[in-house]
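Please read the structure below before turning to the comments.
In each ligand, atom 1 is the first atom listed, and ligand 1 is the first ligand listed.
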Amino acid sequence: MEFWLDLNEEQQDLREWVHGFAEGVVRPAGAEWDEREETPWPVIQEAAKIGLYGYEFLINAWSDPTGLSLPVANEELFWGDGGIAMAISGTALAVAAIYGSGTPEQLVEWVPQCFGDAAEPKVGAFCSTEPEAGSDVAAMRTRAVYDEASDEWVLDGQKAYATNGGIANVHVVTASVDPSLGSRGQAAFVVPPGTPGLVGSKKLKKLGLRASHTADVFLDGVRVPGSCLLGGKEALDERLARAREGQRAIRQAAMRTFELSRPAVGAQAIGIARAAYEYALEYAKNRVQFGRPIIENQAIAFALADMKTEIDAARLLVWRAAWMGRNDRPFTSGEGSMSKLKAGEVAVAVTEKAVQILGGAGYLREHPVERMFRDAKIYTIFEGTSEIQRLVIARAISGVQIR
Ligand SMILES: Cc1cc2nc3c(=O)[nH]c(=O)nc-3n(C[C@H](O)[C@H](O)[C@H](O)COP(=O)(O)OP(=O)(O)OC[C@H]3O[C@@H](n4cnc5c(N)ncnc54)[C@H](O)[C@@H]3O)c2cc1C
């Protein structure tokens, strides 16, 4: 097979289409929703109306055999505005969990309910992090206990920092079924709309991505039908039996979700970085000091050259990981983590440089680079911090259980 890096026609069309929405609808609304710190429902609805927010879109993107559709779409959407784009994309994390661990029947039942419809859009939430279990997923305390008599699972515990937590129609919650097995004793459950016992905190106030809802989620005797265990009881029992025998579990629920979503998250970071870079480039061509545009100084021009080079390098890592993930190539060197690590660090460095290139103007809210700088920081933190990505890569390349 030949090797090439051109996007095909479908992917180019997708890129243009999402870019049009990002430019026409998302970008102009960015500052307002950042200030309001509220979920931008009207914008989510606009996205739903044109088919950019909905399960058909996501399933279509995932079915692209090259794996590139989702990263390409994400980069454009987040180029528009990080906070609004996260409000639109947060649901994808819940969907990825259902897609990654669920049966085909569970997919058909729950994925559409994550989105609602254009008349009444809904959101989904993936709740894994806990107050005592962030990077250390194995420390999870939320318990799921099976009630054989009623064929129900009972969930108790607390989740932290969940995107769309408490306001979601469908929550996907990870919980420990057998704490003695650590992360191998965990499973993921769908909590259907309106289930009693699940309560969200009020929206948490954040540095960036302020349009996106983040909240803690409390689970108090939450009863869900047996059919809400993603993957089904038989598969879980088999997995637990293997783990008890000391065999390597095939994949764990939360880890599997992260594997699927890391390149797509990296692409979001690249979108924000590219937006900041483009803005700074234009500014540098127009801003005159000492009688000439500031870009005529190597210090500024070289900074922009580095920004562009880093963005393109990160994108190649993201595309590679997306392609590998879609084509079931094993991540023998932690390539999924590499893509997210690089993209996150590039987004932070590039947006910071963009603020610097704008000088005092860059520090003011009048210009979007200030917001982009705040938005970018999350990409070295969520979906596994940069340190955790390095841990995954270091373990993969060395075979040593680095701590
Ligand atoms: C805006 C936002 C949205 C989020 N959305 C979701 C969501 O939808 N669902 C969800 O489940 N979670 C979500 N999270 C949680 C996020 O994934 C966690 O915050 C993240 O995984 C880090 O966990 P922590 O905050 O507990 O940090 P900690 O794990 O407490 O880490 C603190 C510091 O210690 C470092 N560290 C920890 N262990 C090691 C180690 N072994 N070696 C080296 N350094 C280490 C970390 O890298 C970090 O720098 C969200 C968080 C935010 C802020």
(request) For a salt bridge (charged side-chain N to carboxylate O under 4.0 Å, His left out) with Asp34, tell me which candidate from Arg27, Arg374, Arg371 qualifies. (result) Arg374
(request) Compare Gly134, Ala97, Ser128 and give the one whose heavy atom is closest to atom 24 (P) of ligand 1. (result) Gly134
(request) State plainly whether the residues Glu310 and Lys342 are in salt-bridge range, i.e. N to O under 4.0 Å. (result) yes
(message) Test your reading of the structure: does Ala162 have an N or O sitting under 3.5 Å from an N or O of ligand 1?
(response) no
(request) Determine, considering heavy atoms only, which of Thr129, Val173, Thr163, Val172 sits nearest to atom 5 (N) of ligand 1. (result) Thr163
(request) Name the orientation class of the two ring planes belonging to Tyr146 and Trp153 (parallel below 30°, tilted from 30 to 60°, perpendicular beyond 60°). (result) tilted
(request) Give yes if a backbone or side-chain nitrogen or oxygen of Tyr161 is under 3.5 Å from a nitrogen or oxygen of ligand 1, and no if not. (result) yes
(message) Out of the candidates Asn164, Val190, Leu198, only one should pair with His171 under the side chain to side chain contact (heavy atoms under 4.5 Å, CB included) rule; please name it.
(response) Leu198
(message) Nearest non-hydrogen contact with atom 40 (C) of ligand 1 belongs to which option: Thr380, Ile388, Ile378?
(response) Ile388
(message) Please check whether Arg403 reaches ligand 1 - meaning an N/O of the residue sits under 3.5 Å from an N/O of the ligand, judged on distance alone.
(response) no
(request) Could you say whether the N/O atoms of Lys206 and ligand 1 ever approach to under 3.5 Å? (result) no
(request) Have a look at ligand 1 and work out which part of Glu383, if any, has a heavy atom under 4.0 Å from it: side chain, backbone, both or neither. (result) backbone
(message) Looking at Glu335 and Arg329, is any side-chain nitrogen of the basic one under 4.0 Å from a carboxylate oxygen of the acidic one?
(response) no
(message) One residue to check: Thr385. Relative to ligand 1, which of side chain, backbone, both or neither has a non-hydrogen atom less than 4.0 Å away?
(response) side chain
(request) Flag the pair Arg390 and Glu345 as a salt bridge only when some basic side-chain nitrogen lies within less than 4.0 angstrom of an acidic carboxylate oxygen. (result) yes
(request) Evaluate the ring planes of Trp79 and His19, with Trp represented by its six-membered ring, and classify them as parallel (under 30°), tilted (30 to 60°) or perpendicular (over 60°). (result) tilted
(request) Specify side chain, backbone, both or neither for Leu93, according to which of its non-hydrogen atoms lie closer than 4.0 Å to ligand 1. (result) side chain
(request) Would you mind running through ligand 1 and noting each atom that sits below 4.0 Å from a heavy atom of Phe126? (result) 7 (C), 8 (O), 9 (N), 10 (C), 11 (O)
(request) May I ask you to decide whether Glu75 forms a salt bridge with Arg315, counting only side-chain N to carboxylate O separations under 4.0 Å? (result) yes
(message) In this structure, does ligand 1 have an atom that sits under 4.0 Å from one of the heavy atoms of Leu209?
(response) no
